[in-house]
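Below: the structure, in structure tokens.
Chain letters run A, B, ... following the sequence lines, proteins first, then strands; residues in each count from 1.
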Protein chains: 2
Amino acid sequence: MNQQNPQTGRAGSDASSHRTINIHQLKTVCSSCSLRELCLPMGLSQEEVEYLDQLVYTRKRIKRGENLYRAGDPFGSLYAVRSGFFKSNLILEDGRDQVTGFHMPGEIMGLDGIGTDDHTCNTTALEDSEVCVIPFARLEELGHQVRNLQKQFHKVMSREIVRDQGVMMLLGTMRAEERLAAFLLNLSQRFNARGYSHTEFHLRMTREEIGSYLGLKLETVSRIFSKFQEEGLVSVQQKHIRILDTDGLKRMLGQAD
Amino acid sequence: MNQQNPQTGRAGSDASSHRTINIHQLKTVCSSCSLRELCLPMGLSQEEVEYLDQLVYTRKRIKRGENLYRAGDPFGSLYAVRSGFFKSNLILEDGRDQVTGFHMPGEIMGLDGIGTDDHTCNTTALEDSEVCVIPFARLEELGHQVRNLQKQFHKVMSREIVRDQGVMMLLGTMRAEERLAAFLLNLSQRFNARGYSHTEFHLRMTREEIGSYLGLKLETVSRIFSKFQEEGLVSVQQKHIRILDTDGLKRMLGQAD
DNA sequence: AAGGCACTTTGACGTAAGTCAAGGCGGCCA
DNA sequence: TGGCCGCCTTGACTTACGTCAAAGTGCCTT
């Protein structure tokens with residue numbers, strides 16, 4: 001599989017690792033980050049991005065299954081996914097669990113914490129991952145100096161609101177097959193924007209997590225994957241997905257019944 | 001009708017109308033607005049709110065059934081509900097319609113437009129209403145001068161994200177009765193925060209709109225209102241609701257089955 | 001005051017998705 | 001290398017909610 005992340009191949013485990021890490025850090029400031037066109041720096045000038053370099057100086061590795069933060073943790077920073085894959089979820093007192101989003105490289109996590117100074121959801125790595133830590137007080141400070149950064153940050157928040165409303169539409173009006181089709185097309189488009197194949201990818205989440213996100217049970221998700229496969233829309237082998245008929249999936253969405 | 005827009009009224013037809021309108025304007029700047037503790041000025045000092053007065057100088061009346069904006073309209077301003085009641089909805093190409101929120105006095109509308117410079121949803125008055133127009137470019141400008149305003153604005157956006165995630169939870173994991181109970185409790189709490197009764201209120205929206213918001217059909221909403229009434233939880237007379245057993249409604253939420 | 005209209009209620013029936021249960025696949029660790 | 005365990009698939013049955021249809025209610029207009 002050629003889905004290795006270009007960011008992780010670098011750090012060595014030998015004597016040179018110390019220097020390697022320094023170089024690594026140097027190379028991962030925003031101004032030279034390969035994700036800059038997808039992430040917070042989107043649309044900023046070279047000079048403006050260099051301001052951001054002052055801000056984003058800590059990175060953090062999160063192992064598969066570990067939490068980046070939990071509901072109730074005090075909020076202090078936003079996080080940009082540098083490599084890997086995350087999910088966010090809410091848990092009700094009675095144990096019910098709703099996945100509210102999946103996050104891939106370049107996406108900003110933690111926006112929920114700004115309003116109350118506490119995180120309101122849990123965010124967990126679905127594979128070994130790395131994030132850039134963005135101290136929020138400093139972001140507000142820097143936004144004050146770099147007007148376009150402020151604007152860009154507002155756009156990031158607004159787009160999150162729009163995304164959430166799209167999920168409401170999905171949960172409120174779509175049937176199970178439409179939900180899964182919409183989900184696959186959305187993943188496809190996001191992988192594509194990151195330079196990965198849009199027809200072939202590896203799901204990082206379980207059927208249960210997909211189901212939770214889509215308001216379905218895992219058996220339903222599984223059955224629909226099988227159905228899509230029978231119909232020649234996709235090829236599914238466990239977590240490996242190949243989209244065979246993008247237009248067919250899109251057609252599933254356009255029709256009311 | 002005396003519902004004339006103060007901005008357009010300048011070329012008034014007689015001498016007295018001119019002065020009357022000025023007094024009216026004076027009374028509705030943020031610094032003397034009764035909603036200041038619920039709206040954008042929340043938590044700002046007297047001095048800081050007076051800066052806001054420069055910004056929010058236009059109000060606009062929207063008649064019942066009229067749109068404040070539609071999906072696709074160019075984005076320029078946010079709107080704070082001054083009086084009345086609004087809904088927002090998304091419409092899919094095939095005609096499916098999802099209500100994404102209801103807005104009451106003090107709440108900010110239009111945040112969806114910041115990300116793309118176009119509004120992404122429709123917002124419609126459910127009764128004759130009035131909004132304060134907040135030109136967004138000027139808000140960003142003023143946020144630059146008044147640090148706490150900037151912070152406050154970020155909190156407003158973040159809370160909207162958290163609210164949306166709560167709706168995802170509702171749509172993704174709750175059964176119909178739980179959804180309606182959560183909806184009633186939410187309305188009750190918001191009316192209460194505005195100084196209205198939290199046990200007795202008038203629904204501004206139809207059963208169909210409630211259903212759309214909750215991912216249910218109008219018949220289901222109607223049946224559950226009847227059931228709640230039989231069980232002595234609420235008294236329902238068309239759109240007039242009286243909550244008889246708040247704890248009973250809350251208990252509906254706490255249990256997984 | 002009457003009639004129309006938009007909204008709501010209620011009943012009978014249909015169905016998409018959930019539940020429960022059994023078995024299969026594949027990766028990981030001893 | 002074998003066996004365990006987490007995850008996935010599939011089948012048989014159940015159910016919560018949707019659909020369709022017919023009345024009922026109250027407001028608005030003329």
**Prompt:** Is A/Gly215 touching bases, backbone alone, or none of the nucleic acid, heavy atoms closer than 4.0 Å?
**Reply:** sugar-phosphate

**Asked** Side-chain N or O of A/Arg207 less than 4.0 angstrom from OP1 or OP2 on D/dT9?
**Response** yes

**Request:** Kindly indicate whether the side chain of B/Glu219 and the base of D/dC17 share any N or O donor-acceptor pair separated by less than 3.5 Å?
**Result:** no

**Message:** Looking at A/Glu230 and A/Lys227, is any side-chain nitrogen of the basic one under 4.0 Å from a carboxylate oxygen of the acidic one?
**Reply:** no

**Asked** Ignoring hydrogens and angles, are the base of C/dG18 and the side chain of A/Arg223 linked by a donor-acceptor pair under 3.5 Å?
**Response** no

**Prompt:** Nearest nucleotide by nearest heavy atom, which residue falls closer to the 5' end of DNA chain C, A/Thr220 or B/Val221?
**Reply:** B/Val221

**Item:** Whole angstrom value for the distance that separates C1' of D/dC17 from CZ of B/Arg179
**Value:** 10 Å

**Item:** Nucleotide of C/dA17, D/dC17, D/dC8 approaching A/Gln238 most closely (side-chain heavy atoms)
**Value:** D/dC8

**Near-ring test B/Phe86/B/Phe102, centroid separation under 6.0 angstrom** = no

**Item:** Atom-pair distance (CG on A/Leu203; P on D/dC7), nearest Å
**Value:** 14 Å

**Item:** Rounded distance in Å - CZ (B/Arg204) to C1' (C/dC7)
**Value:** 17 Å

**Request:** Ignoring the backbone of A/Arg175, work out which of D/dG18, C/dA17, C/dT10 is nearest its side chain.
**Result:** C/dA17

**Prompt:** B/Glu209 has an atom CD; how far is it from atom C1' of C/dT8, in whole Å?
**Reply:** 14 Å

**Request:** Indicate, with a heavy-atom threshold strictly under 4.0 Å, whether B/Leu218 touches base, sugar-phosphate, or nothing.
**Result:** base

**Request:** Provide, to the nearest angstrom, the distance between the CG atom belonging to B/Leu216 and the P atom belonging to C/dT9.
**Result:** 14 Å

**Complete:** When A/Met174 and B/Gln237 are each assigned the nearest nucleotide of DNA chain C, the 5'-most assignment goes to B/Gln237

**Prompt:** Across the strands shown, which category fits B/Ser222 at heavy-atom distances under 4.0 angstrom: base, sugar-phosphate, nothing?
**Reply:** base

**Fill in**
From CD of A/Glu177 across to P of C/dT15 the rounded distance in Å is 15 Å

**Asked** Any Lys/Arg nitrogen of A/Arg96 or B/Glu178 sitting under 4.0 Å from an Asp/Glu carboxylate oxygen of the other?
**Response** yes

**B/Asp97 side chain reached by B/Leu90 side chain, heavy atoms, under 4.5 Å** = no

**Request:** Establish, with yes or no, whether the OP1 or OP2 oxygen of C/dT10 is under 4.0 angstrom from a side-chain nitrogen or oxygen of B/Ser226.
**Result:** yes

**Asked** How long is the line joining CZ of B/Phe225 and C1' of C/dT10, in whole Å?
**Response** 16 Å

**Fill in**
Separation of C/dT10 atom C1' from B/Ile224 atom CD1, nearest Å, is 14 Å

**Message:** So if I take every side-chain heavy atom of A/Lys217 and compare against C/dT19, C/dT10, D/dC17, which nucleotide ends up nearest?
**Reply:** C/dT19

**Request:** Sort out for me which residue in A/Asp112, A/Asn122, A/Leu68, A/Thr100 forms a side-chain contact (heavy atoms from CB on, under 4.5 Å) with A/Ser88.
**Result:** A/Thr100

